[in-house]
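A short write-up of the structure that comes next.
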There are 2 protein chains.
Amino acid sequence: MIKYAILGLLHYTDMHGYRIKEHIEQNFGNMWSINYGQIYPNLKKLYDDGLISMTEITQNGEKGPPRKLYSITEKGKNEFAGWLDNSPEKPMLLRDPFLMRFVFYGFGDMSRSVEVIDDQIKRYEKDLKRRKKNLKKRDNSGIYVQLIADLGVNLNEMFLSWLKHSKKEILENISKNEQEKTNPEIRRAAG
Amino acid sequence: MIKYAILGLLHYTDMHGYRIKEHIEQNFGNMWSINYGQIYPNLKKLYDDGLISMTEITQNGEKGPPRKLYSITEKGKNEFAGWLDNSPEKPMLLRDPFLMRFVFYGFGDMSRSVEVIDDQIKRYEKDLKRRKKNLKKRDNSGIYVQLIADLGVNLNEMFLSWLKHSKKEILENISKNEQEKTNPEIRRAAG
DNA sequence: TCTACCATGTAATCTGTTACATGATTGC
DNA sequence: GCAATCATGTAACAGATTACATGGTAGA
């Protein structure tokens, strides 16, 4: 998959590994996590397969540390076009350690779960600010990239309001349980 | 991670491997993908570590094919409680081959992208129906499980309306481009 | 009998993650 | 000189995926 992300990015402009990582983090950071352990071996393989070409820049004209600049070849463009056209049709996957734990909080301490939700709210409020700022910057980067950025904002907003709703529900549940503990007759009367 | 999903599920009731896979698919199918290549080796390891115990049922009283019924042990419950309490704090990850391709559709055929969006709309409308039906069934399965089910519905609704909005935007873009091709003076006059 | 489904498992492979090593450049 | 950042890379490990092998049961 990272293979095609690299080929896609090289359609825009020639890049070296470090820059590719930056771009992937910025453009689909919430979709794909990325590290050098994937980038450099993949670049090597793409190069060996003739899908990209490479120019080594060793402190000559260009400033900065020595780097390897990669471009996409015709063969690479064809490979990429083929991939764009045929759907692997695998479903969306939302992977979140927080959600994974959340399902099971019923077996733990409920007030602890409220703390964890508060952490998440703080985190996603920060994220949302950053994303909205980026939306304005990206006005001329093409309709598809813009739409993906919109999706990021929508997802963030939806998740935040779900977190707030969940916190409210859990707090109500906690106070209901406490009332039942101190005044058991309420429950008996109601039931 | 699957390790803890298994330990969590075994809090509800004793289960065998096949049933665990079913439950994971139903409860966090859109969060985690699962296959037997993960389930059975994990069960074996959990058993070897004493976190779960096992009873073999070989065509005796119970009907059906021979199976191994697993229960969680005290040690397993402690391990699980520890995991519930401390956050790995890794960010949410939305992995979707469709979205991955979507970012790059600018390099492909725009009308093809509309077709692909239509496929996605069909798929998620179906999914939404199924999820809403399940919401009603799950009324008594505890607040956390219910909230996660709500999230699934919210995510689905958000994504659907984003898909529809995107389709509209792309169609507008296509017709704008075609107008510019046939009447280039419009663009010159506007610019 | 044949199909569909229930049930358990493994081997090979692929992908992703962590941690480390190396060194250049820029700005304080 | 030192810290931060830019830049490239690899080895070891962890996790996920695919494909296969095996066999039982239920119902058409």
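Within every chain, numbering begins at 1; the chains are lettered A, B, ... in the order of the sequence lines, protein sequences first and strands thereafter. What you see below is based on every heavy atom in this structure, not just the backbone, and it leaves out hydrogens, waters and symmetry mates. Model, not experiment: these values are computed from the prediction.
- The interatomic distance linking Leu46(A) (CG) with dT8(D) (C1') rounds to 16 Å, in whole Å.
- Not counting sequence neighbours, Lys68(A) has no partner by the salt bridge (Lys or Arg N to Asp or Glu O under 4.0 Å) test.
- Between Glu25(B) atom CD and dA7(C) atom P the separation is 14 Å, expressed in whole Å.
- A sub-4.0 Å separation between OP1 or OP2 of dA7(C) and a side-chain N or O of Arg19(B) is present.
- Under the side-chain hydrogen bond (donor to acceptor under 3.5 Å, both in side chains) criterion, Asp49(B) pairs with Lys45(B), not counting sequence neighbours.
- Rounded to an integer number of Å, the gap from Arg67(A) CZ to dG9(D) C1' is 17 Å.
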Distance-only donor-acceptor hits, side chain of residues 165-173 of chain B, under 3.5 Å, sequence neighbours excluded:
residue	atom	partner	partner atom	Å
Ser166(B)	OG	Trp162(B)	O	2.9
Lys167(B)	NZ	Asp118(B)	OD1	2.9

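- Of all nucleotides listed (dA7(C), dT10(D), dT8(D)), dT8(D) comes nearest to the side chain of Tyr18(A).
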Per-nucleotide protein contact string for nucleotides 13-18 of chain C (B base, S sugar-phosphate only, - none; heavy atom under 4.0 Å):
---SBB
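- Remark: Lys164(B) pairs with Glu125(B) by the side-chain hydrogen bond (donor to acceptor under 3.5 Å, both in side chains) rule, at least two apart or across chains.
- Atom CE of Met15(B) is separated from atom P of dT8(C) by 12 Å (rounded to the nearest Å).
- In this structure, Leu69(A) places its CG atom 17 Å from P of dC6(D), rounding to the nearest Å.
- Look at CD on Glu22(B): it is 12 Å from P on dC5(C), rounded to the nearest Å.
- Pairs of residues two or more places apart, or lying in two chains, that qualify as salt bridge (Lys or Arg N to Asp or Glu O under 4.0 Å) and include a residue from residues 153-162 of chain A are Lys132(A)-Glu157(A).
- The only member of Ile2(B), Ile52(B), Thr73(B), Leu84(B) that meets side-chain contact (heavy atoms from CB on, under 4.5 Å) when paired with Leu7(B) is Ile52(B).
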Please list every donor-acceptor pair under 3.5 Å in which a side-chain atom of residues 33-41 of chain A meets a protein atom from a residue at least two apart or in another chain.
residue	atom	partner	partner atom	Å
Asn35(A)	ND2	Gln38(A)	OE1	3.2
Gln38(A)	OE1	Asn35(A)	N	3.4

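- As a whole-Å value, the separation of Ile39(A) CD1 from dC6(D) C1' is 15 Å.
- Shown here are the salt bridge (Lys or Arg N to Asp or Glu O under 4.0 Å) partners of Asp127(B), two or more places apart in sequence or in another chain: Arg130(B).
- In this model, the phosphate group of dT8(D) is not approached by any side-chain N or O of Lys21(A) to a distance below 4.0 Å at OP1 or OP2.
- Ring orientation note: the planes of Tyr18(A) and His16(A) are close to parallel, at an angle under 30° on the 30°/60° scale.
- What separates CD1 of Ile57(B) from C1' of dT8(C) is a distance of 14 Å, to the nearest Å.
- Residues of residues 5-13 of chain B having a heavy atom closer than 4.0 Å to DNA chain D: none are found.
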